[in-house]
Amino acid sequence: MSTYVYGITRSPAPHLREGLTGVGDPPRPVRILQRDGLVALVSDAPEDLRPKRRELLAHQQVLAEVNAERVVLPMRFGSLSEDDGTVGEVLVERAEHFLERLDTLEGKVEYNIKASHDQEAVLHVVMAQQPELRAESEANRAAGGGSYEQKLALGEKVARAVQAREPVDAALLRHAVEPLAAEVSEGPQSAGWLTNLSVLVDREAADELLSAVEELGNSAPQLDLKVNGPLPPYSFVEKTDASADATAGVRAAPAAG
């Protein structure tokens with residue numbers, strides 16, 4: 001049976017909650033493998049594993065429980081090895097590298113922070129900062145709303161003004177978190193988000209980071225801020241190629257068909 005790998009941490013082995021399970025239906029019990037001062041968090045790999053919500057959450061939960069206690073190098077969802085012996089070989093072969101990465105990330109956690117525009121609030125900001133738009137809007141309103149063409153022209157101007165604010169407001173978040181962060185990584189962009197930041201921060205500075213984000217939300221009400229964390233350092237393992245090294249002798253589960 002193949003072995004499913006969740007992540008790697010250092011010895012001594014973490015205390016796993018009794019009955020902790022991971023992926024699979026029924027969920028497979030999580031166990032530990034130790035080699036050369038390292039611990040791999042593993043379970044038996046279920047057949048026909050697919051990235052369903054329950055499976056993704058189970059993977060994340062195993063990592064979150066260990067991350068609450070100590071630093072862990074998270075593996076990508078669906079990381080499989082031929083067997084426990086192959087996992088042990090990878091730990092031995094890459095021990096120096098894994099220990100260096102664990103040292104670098106020791107005492108740190110990741111927060112993901114996304115910013116989008118609160119549409120009503122950003123319109124207030126645009127109108128307050130651009131008196132010509134406010135005057136045109138008031139003139140239309142005084143004329144009973146204005147003609148269709150006038151409404152369309154004003155709407156296009158406002159849309160351009162809001163769009164011009166997007167990089168400005170995205171920068172506000174980065175400027176707020178950078179002084180507190182050990183590292184900041186820009187995540188993939190998607191529709192609806194101004195910016196998507198992964199922030200690596202000392203555990204002791206986490207409350208200060210959250211306070212800074214809260215203060216930004218108060219001072220810039222046009223921003224809608226979503227915070228997720230603390231998380232294992234997903235973004236920063238990838239960046240330093242540790243995840244790629246970790247998957248030597250490990251294959252990904254097949255994608256959903």
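Remember, it's a predicted structure, so these values are computed and weren't measured experimentally.
Closest heavy-atom contact between His59 and Val5: CE1-O, 4.2 Å. Across all their heavy atoms, Gln34 and Ser11 have their closest contact at OE1-OG, 3.2 Å. Here the shortest heavy-atom pairing between Ser235 and Ser198 reads OG-OG, 3.0 Å. Closest heavy-atom contact between Leu225 and Val213: CD1-O, 3.5 Å. Contact record, Arg101 with Phe236: NH2-O, 4.1 Å, taken as the closest heavy-atom pair. The minimum heavy-atom distance between Leu105 and Val71, with the atom names listed, is O-CG2, 3.5 Å.
Here Asp25 does not pair with Arg54 in a salt bridge; the nearest charged N to carboxylate O distance is not below 4.0 Å.
Using a 4.5 Å cut-off on side-chain heavy atoms (C-beta onward), Arg31 and Thr3 make contact. Considering only heavy atoms from C-beta on, Val90 stays 4.5 Å or farther from Ser81 through its side chain. Contact check for Phe77 versus Leu49: side-chain heavy atoms found under the 4.5 Å cut-off. Counting heavy atoms from C-beta outward, Pro74 and Tyr6 have side chains that stay 4.5 Å or more apart. Using a 4.5 Å heavy-atom threshold, the side chains of Val201 and Val177 count as separate. Contact check for Val39 versus Leu33: no side-chain heavy atoms found under the 4.5 Å cut-off. Looking at Lys114 and Thr195, their side chains never come closer than 4.5 Å, going by heavy atoms from C-beta outward. At a threshold of 4.5 Å between non-hydrogen side-chain atoms, the residues Ser219 and Leu172 do not count as touching.
Hydrophobic cluster membership differs between Met127 and Val125, with clusters built from Ile, Leu, Val, Met, Phe, Trp and Tyr side chains linked at under 4.5 angstrom. Hydrophobic clustering (side-chain heavy atoms under 4.5 Å, transitive across Ile, Leu, Val, Met, Phe, Trp, Tyr) groups Ile32 together with Val30. Residues Val227 and Val199 share a single hydrophobic cluster, defined by chaining ILVMFWY side chains whose heavy atoms lie under 4.5 Å apart. Residues Leu231 and Trp193 do not share a hydrophobic cluster, clusters being chains of Ile/Leu/Val/Met/Phe/Trp/Tyr side chains in contact below 4.5 Å. The cluster map of Ile, Leu, Val, Met, Phe, Trp and Tyr, joined by side-chain heavy atoms under 4.5 Å apart, puts Val72 and Leu56 in the same cluster.
Interatomic distance, CG of Leu73 versus CG of Leu41, reported as 10.5 Å (0.5 Å rounding). Taking CG of Leu223 as the reference point, atom CZ of Arg165 lies at 8.5 Å (rounded to 0.5 Å). To the nearest 0.5 Å, atoms CD (Glu214) and CG (Leu216) are separated by 11.0 Å. In this structure, the separation between CD1 on Ile8 and CG on Leu38 is 7.0 Å, given to the nearest 0.5 Å. Put simply, CG on Asp44 and OH on Tyr4 are 13.0 Å apart, with the number rounded to the nearest 0.5 Å. Atom CG in Asp202 sits 10.5 Å away from atom CD in Glu106 (nearest 0.5 Å).
Judged by distance alone, the side chains of Glu215 and Ser211 never bring a donor and an acceptor atom under 3.5 Å apart.
The number of heavy atoms from other shown groups lying within 6.0 Å of CZ (Arg53) does not exceed 12. Applying the 6.0 Å contact sphere to CD of Glu100 captures more than 12 heavy atoms from other residues, nucleotides or ligands.
At distances below 3.5 Å, not a single donor-acceptor pair connects side-chain atoms of Glu178 with backbone N or O atoms of Val184. At distances below 3.5 Å, at least one donor-acceptor pair connects side-chain atoms of Arg70 with backbone N or O atoms of Arg10. In terms of modelled atom types and a separation under 3.5 Å, the side chain of Asn112 and the main chain of Leu197 share a donor-acceptor contact. Between the side chain of Gln222 and the backbone N or O of Gln119 there is no donor-acceptor pair closer than 3.5 Å.
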Derivation of the side-chain contact (heavy atoms from CB on, under 4.5 Å) call for Glu166 and His117 | CA-CA 8 Å; Glu166 290 179 356; His117 268 152; 3.9 Å; yes
